[in-house]
Structures are given as C-alpha cells and as structure tokens.
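Notes follow the structure.
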Number of protein chains: 2
Amino acid sequence: MKNPAADRRLPLYHQIRDSIAARIADGEWGAGDCIASESQLAETYGVAVGTIRRATDLLGDEGLIERVQGRGMFVRRADFANSLFRFFRLSTENGQPLTPTSRILSRERVEPTDDVKAHLSLRSGEGAIRMVRTRESGDRVLLHEEIWLSAKAFGAIVDIEISELLPLLYPAYERLFGRVVARAKERLSVASANAVVAQALSVTPGAIVIRIERLAFDHAGNPLEWRISHGSADGFAYEIDVT
Amino acid sequence: MKNPAADRRLPLYHQIRDSIAARIADGEWGAGDCIASESQLAETYGVAVGTIRRATDLLGDEGLIERVQGRGMFVRRADFANSLFRFFRLSTENGQPLTPTSRILSRERVEPTDDVKAHLSLRSGEGAIRMVRTRESGDRVLLHEEIWLSAKAFGAIVDIEISELLPLLYPAYERLFGRVVARAKERLSVASANAVVAQALSVTPGAIVIRIERLAFDHAGNPLEWRISHGSADGFAYEIDVT
DNA sequence: GAGTGGTCTAGACCACTTG
DNA sequence: AAGTGGTCTAGACCACTCC
C-alpha cells in the first residue's frame, strides 16, 4: 500500500481509493494528467482489476478523476460548474462557462481582520493581501468581489502585471504560485448594499443584495483564498431537485 | 424484461435499472417495502448477480432504494433532507427533522391562477384547492405557506377533519388520497413581504424575505402540489461544497 | 441456520482511442 | 495492432439480520 496510514479495517477498495487520492494530493499526478491504467494499478496494488474499478469509481463519483474510454483516467481540474455564482449568468444556458470580464480595482497588502485570519488560518502577525474586483457582462456589473489571500504565499501578487491575473484568478494562482484550488465552500445569504457595493452595482445604498462567501482550498485542505462577493438580488433564483 | 420499452442499445444494467424503477413507479413495491433479493432478481432477469448489483447501485445512488446488509433492499420514502427549508431550522444541528407545528389558516376551493394552472398542469375549467398555513417553532412563525392542489384529485381535503392533516401534509396525501410525493423541484429567490406575509412573520410590509417555491411530483412525474413559502431573510444562510 | 447484502477474484468479450 | 476503459459472468467468502 502506497499510503501506509490507510486504515486496514476498511474494505480494500476504500484503502486503495484513499491511497490514490493521497498520491494525487501529493502531486504525483497533476491536474489533467493521465494516471496509471487499471491493469497497472491492479498489479502494483496486488489486487484484481475489479477492485481497482471499485476504487476508481469512487474517485470518479467524487469528481477527483475523469474516466475516458480508450484513453485512460485523468486527474480532474476543478471547474466549479456547481458554484452558486452560476446563477449570476456567469455561464450560458447550456452550462458553457462564458467568463464575464474582470476588472481589478485594487491590490494591497494590509492587516487582516479577525474574520480573515480565522478563515485563512493566518498566524498572528502574518500579513494579508486584499484585492477588489468587479465582474462585468456587456455593460452591466454583475458582481463586486473582495478577495483575501495570505501575504506569505501570495505577497508578490501586488507587483505582478495586472494582465497576468486575467481573465481568471485560479489559473493565475496555479501558473504564478503553484497553488491549485481543488474545492471550495460557498455560503449564500442576503444583505443590504453598503456604499461601495451599491456604487459598483448601480443600486441604491441599502438595497438588498445577494452575498456569497467562498473559502477555497487546495488538495490538502489548506485554505488559499477567501472571497466575499455581492450581486444584485433582482432576478436571482437558485434551483435544486430534492428527494 | 419486465419493461419492454427499455432501450436494447443500453447496457444491460441500465435496462434493468429502468425496469426496476418502472416497477416501483407502477406500485409493484410501495414505499418502505422490501423488493426482491439480488439473487431472485438475477434469476428473473436471467443475468448474473453482479449485473443486478450494478443496476441496484444506480438506484441506490439516485435515492430510489436503500440497501441494508442482511435485510434486503427497500423502496426509499422521500425525506427531503436536502430541501432548502432545512435552513429555516426545520431540523436540529444533527440533521434530525424536528417538525415545527403547523397551523392551517384556510382551505378553500378556488379558481386557479394561470401560474397555478401551468405548474399543476390543470386543464382549463379544472378547479384548484388553496390552503394557507404557517409553520411555527416555539413562539416564532418561521414560514408562511400558500399551497395549491388539483381539486379533481384532492377536492375532499376541504371537508376533512383538520387534525387528519397534521402534523405533515405529505403523509396525509398518501394516507387519505393514495398520492405519494416522490421528488420535488425547489427554487429560492428574494422578495419583499406583502401585507399578509409581513403580518404572519411579524416583519414590516416590504421587508426582505426568502421565497421558496416547491413543485412536488409523484413517482410517475405528475405534479401534485405547488407551494409558495416565505420566511424571514434574517439569519438565512445556504451552504454548499463545490469542486 | 438460512437468507440477505458486501467484498473480492479471475477471467471473458466489447467499444473506443491512438499510433 | 495495441492499449484503454466498459460490460458481464460465475463463482468465493464474509458480515449482518432474523427466526
């Protein structure tokens, strides 16, 4: 077993799932890479291919890997297709991401608030980066975003050509800092617009807006970025199926 | 194959999944019933047990059945544990449903609005039932609900002892009318409280409230009930994990 | 003890992708 | 043609539930 910490009381295919997940988290296979084939894995783990299949089915269900017949199994790159932000027309009706334009309004190194410290697990004395940006589609501002990062990990971001950070931040984190966003927690609530948000969204101060907080993590579960976004509540509707 | 309409181009285990799902929808096995065992199914369908396993795994993932080791496979009763309403403290922190008290304020047979007709697929001329109720926890009103039903299917509900409709409506639909709610679509948006809602929730008219619409379906996909609920936006927060 | 689902094996053949 | 994942089989043994 590649991961000796695996709990031997668990079924074999769970242990193997954990081991493969750990190897992905360790960077043995990066996003987009083809991992070893079923028969190779069966041999290295000394089990039947059917057992490898059970393990990789789990990984597929969790979205860690993608299986393509005839080609292999690939480490999936997070695409956040289920994000709450999709309800702000950040994608077409077909689900194609349409990537509205980003406008970065400010980048600065500042003292983190207690909230930021708690979310990013910053030690006392550690600095933070605060970015403000808007996301626009056509001539409409859809979102106002406040983005917080650890200065220790991302400090150089304030000196980087702004074009390097466009159009999307997560690929830039990966390209410039080697930090990969693997998953996130999002939280939706309703708030009233403060002066800054109101001005950005062209609503009256105090108007009702949708607030989405997102805490983004790497594969190992370390928090990388905390983001507070506000968008107009007008026309916002979130739909789910329940059983 | 029990369901001759199954597409023979599909993998065997998909055809079997469809067949078993159809048999459940047809009422061959009701909610809570134990369906045939894996080995029985394997024999009747003339396939290996492993193939039955693939099919029933699909049904398990979809939430149609529940597998219990040593006992069998059971038709799952929808519990709506993922409903948006759980964010109105309709359940404890552990996820235990805590069922706030229901107070039915009115029941009447009325002409459906176009909206109601469209949602419940009512033919022109068909009547509708409109119920209004509140859901309360302790001394707080959590939700104000407007509930629409087809008069053809549920007409007698206006004459039934109100205690028969408590504490929950869906079990009452099943007990009194033989209609089983199997799944639902929910839609969350933000609205301002009209006079009636404001009074019920003890907020000022025009205050911001969370609006949740729910369209509930039976196993066959027929709409049974349309519900428009309003609750205070204060403290409302919806959380998800995204990848 | 009989019957159920849960895990695991060791093969077979098919469909698909790539060189 | 070689290699991949997708489907399917036919068994084995285990863990659990119920009588």
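Just so it is clear: chains get the letters A, B, ... in the order the sequence lines come, proteins before strands, and each one is counted from 1.
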Of the options [options], whose atoms approach the side-chain atoms of [X] most closely?
X: Arg67(A); options: dT4(D), dT9(D), dG6(D); result: dG6(D)
X: Tyr13(A); options: dC8(C), dG6(D), dT9(C); result: dC8(C)
X: Gln40(A); options: dG5(D), dT4(D), dT9(D); result: dT4(D)

With no hydrogens and no angle check, is any side-chain donor or acceptor of Arg107(A) less than 3.5 Å from a backbone partner on Ile160(A)? yes
Please state how far atom [atom1] in [X] lies from atom [atom2] in [N], giving the value in whole angstrom units.
X: Leu12(B); N: dT7(D); atom1: CG; atom2: P; result: 11 Å
X: Leu59(B); N: dG5(C); atom1: CG; atom2: P; result: 13 Å
X: Arg17(A); N: dC8(C); atom1: CZ; atom2: C1'; result: 19 Å

Which is true for Val49(B) with a 4.0 Å heavy-atom rule: it touches a base, it touches only sugar-phosphate, or it touches nothing? nothing
Answer with base, sugar-phosphate or nothing: what part of the nucleic acid does Arg53(B) contact at a heavy-atom distance below 4.0 Å?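 Base, at least one base heavy atom under 4.0 Å.
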Test Val47(B) against Tyr45(B) for side-chain contact (heavy atoms from CB on, under 4.5 Å), laying out the working first. CA-CA 6 Å; Val47(B) 300; Tyr45(B) 284 105; 4.2 Å; yes
ring-ring contact (aromatic ring centres under 6.0 Å, His included), paired with Phe154(A), selected from Trp226(A), Trp148(A), Tyr173(A): Tyr173(A)
Nearest heavy-atom pair of Ala184(B) and Arg214(B): which atoms, and what distance?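 Shortest heavy-atom separation between Ala184(B) and Arg214(B) comes out as CB-CG, 3.7 Å.
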Could you walk me through whether Arg179(B) and Glu174(B) pass the salt bridge (Lys or Arg N to Asp or Glu O under 4.0 Å) check? CA-CA 5 Å; Arg179(B) 305 283 180 148; Glu174(B) 190 171 340; over 6 Å; no
Atom pairs under 3.5 Å: protein N/O with N/O of nucleotides 17-19 of chain D:
from, atom 1, to, atom 2, distance (Å)
dC18(D), OP1, Arg71(B), NH1, 3.4

Salt bridge Arg67(A)-Asp57(A), side-chain N to carboxylate O under 4.0 Å: yes
